[in-house]
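These notes concern the structure reproduced below.
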Amino acid sequence: MSFDDIVAQDIKENPVLIYMKGFPESPMCGFSALAVKVLKLYDVPISARDILGDLKLKECVKAHTNWPTFPQIFIKGEFVGGSDIILDMHQASELIVPRFYYQKGQLKDVLGDIAQKHEQKESS
């Protein structure tokens, strides 16, 4: 499997994904730590890959998004941006309020349904 395939599969299979420096439990930079802190406020499962250990993966992610810095956050398959953007979205309540997601005739919020599915799994 190529690095392009790995990145595409990661994005497809993980509703909330961060390519970051370190891991959610032990971020290796302040920006990655901020992104994780914001996302943890929503009680959603966070998938992550540490880009520090693999330069080829890091370069592939940068090429995929055309974004030069990390962390890089994907929500529901869409590249959102970095820690500054996720913080701005949180402060503007855009992570829980309907925001241009039109699917099967209904507006979808960005993180709410992910959190709800996560709660349902834990209570089963």
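Along the sequence shown, residues are numbered consecutively beginning with 1. We use all heavy atoms of the structure for the numbers below, so side chains are in, but hydrogens, waters and symmetry mates are not.
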Checklist entry - Considering all heavy atoms of both residues, which atom of P45 and which atom of V16 are nearest to each other, and what is their separation? => result O-CB, 3.6 Å

Checklist entry - M1 and Q9: side-chain contact (heavy atoms from CB on, under 4.5 Å), yes or no, with the steps? => result CA-CA 10 Å; M1 185 179 290; Q9 183 175 346; 3.0 Å; yes

Checklist entry - What closest approach, in Å, do I86 and V38 show between heavy atoms, and which atom pair accounts for it? => result O-CG1, 3.9 Å

Checklist entry - With D5, which residues qualify under side chain to side chain donor-acceptor pair (under 3.5 Å), at least two apart? => result S2

Checklist entry - If two hydrophobic side chains count as joined below 4.5 Å and joins carry through other members, does M28 share a cluster with F31? => result no

Checklist entry - How long is the span from the CG atom in N14 to the CD1 atom in I75, to the nearest 0.5 Å? => result 12.5 Å

Item to check | Listed partners of F79 passing ring-ring contact (aromatic ring centres under 6.0 Å, His included), at least two apart | outcome: W67, F74

Next on the checklist: Working to the nearest 0.5 angstrom, can you tell me the gap between D54 CG and F3 CZ?
Outcome noted: 4.0 Å

Checklist entry - Under the criterion side-chain contact (heavy atoms from CB on, under 4.5 Å), which of I73, I46, V36, L52 is the partner of M20? => result V36

Checklist entry - Looking at residues at least two apart in the chain, or sitting in another chain, which of them share a salt bridge (charged side-chain N to carboxylate O under 4.0 Å, His left out) with D10? => result R49

Checklist entry - Where is the tightest heavy-atom contact between P24 and A48, given as atom of each residue plus distance? => result CD-CB, 3.5 Å

Checklist entry - Distance from M89 atom CE to L39 atom CG, nearest 0.5 Å? => result 9.5 Å

Item to check | Results of side chain to side chain donor-acceptor pair (under 3.5 Å) for Q91 - residues two or more places apart only | outcome: none

Next on the checklist: Working to the nearest 0.5 angstrom, can you tell me the gap between S47 OG and I11 CD1?
Outcome noted: 12.0 Å

Checklist entry - salt bridge (charged side-chain N to carboxylate O under 4.0 Å, His left out): which pairs involve residues 56-75, sequence neighbours left out? => result E59-K62

Checklist entry - Counting distance only, does the side-chain N/O of S32 pair as donor-acceptor with the main-chain N or O of P27 below 3.5 Å? => result no

Next on the checklist: Just verifying a value: how many Å separate F23 CZ and D50 CG, rounded to the nearest 0.5 Å?
Outcome noted: 4.5 Å

Next on the checklist: Tell me every residue that passes side chain to side chain donor-acceptor pair (under 3.5 Å) with H90, counting only those two or more places apart in sequence or in another chain.
Outcome noted: Y42

Checklist entry - Considering all heavy atoms of both residues, which atom of C60 and which atom of V7 are nearest to each other, and what is their separation? => result SG-CG2, 3.9 Å

Checklist entry - How long is the span from the NZ atom in K12 to the CG atom in L17, to the nearest 0.5 Å? => result 14.5 Å

Checklist entry - Would F70 and V61 satisfy side-chain contact (heavy atoms from CB on, under 4.5 Å), going step by step from the backbone distance to the final call? => result CA-CA 10 Å; F70 289 88; V61 173; 3.7 Å; yes

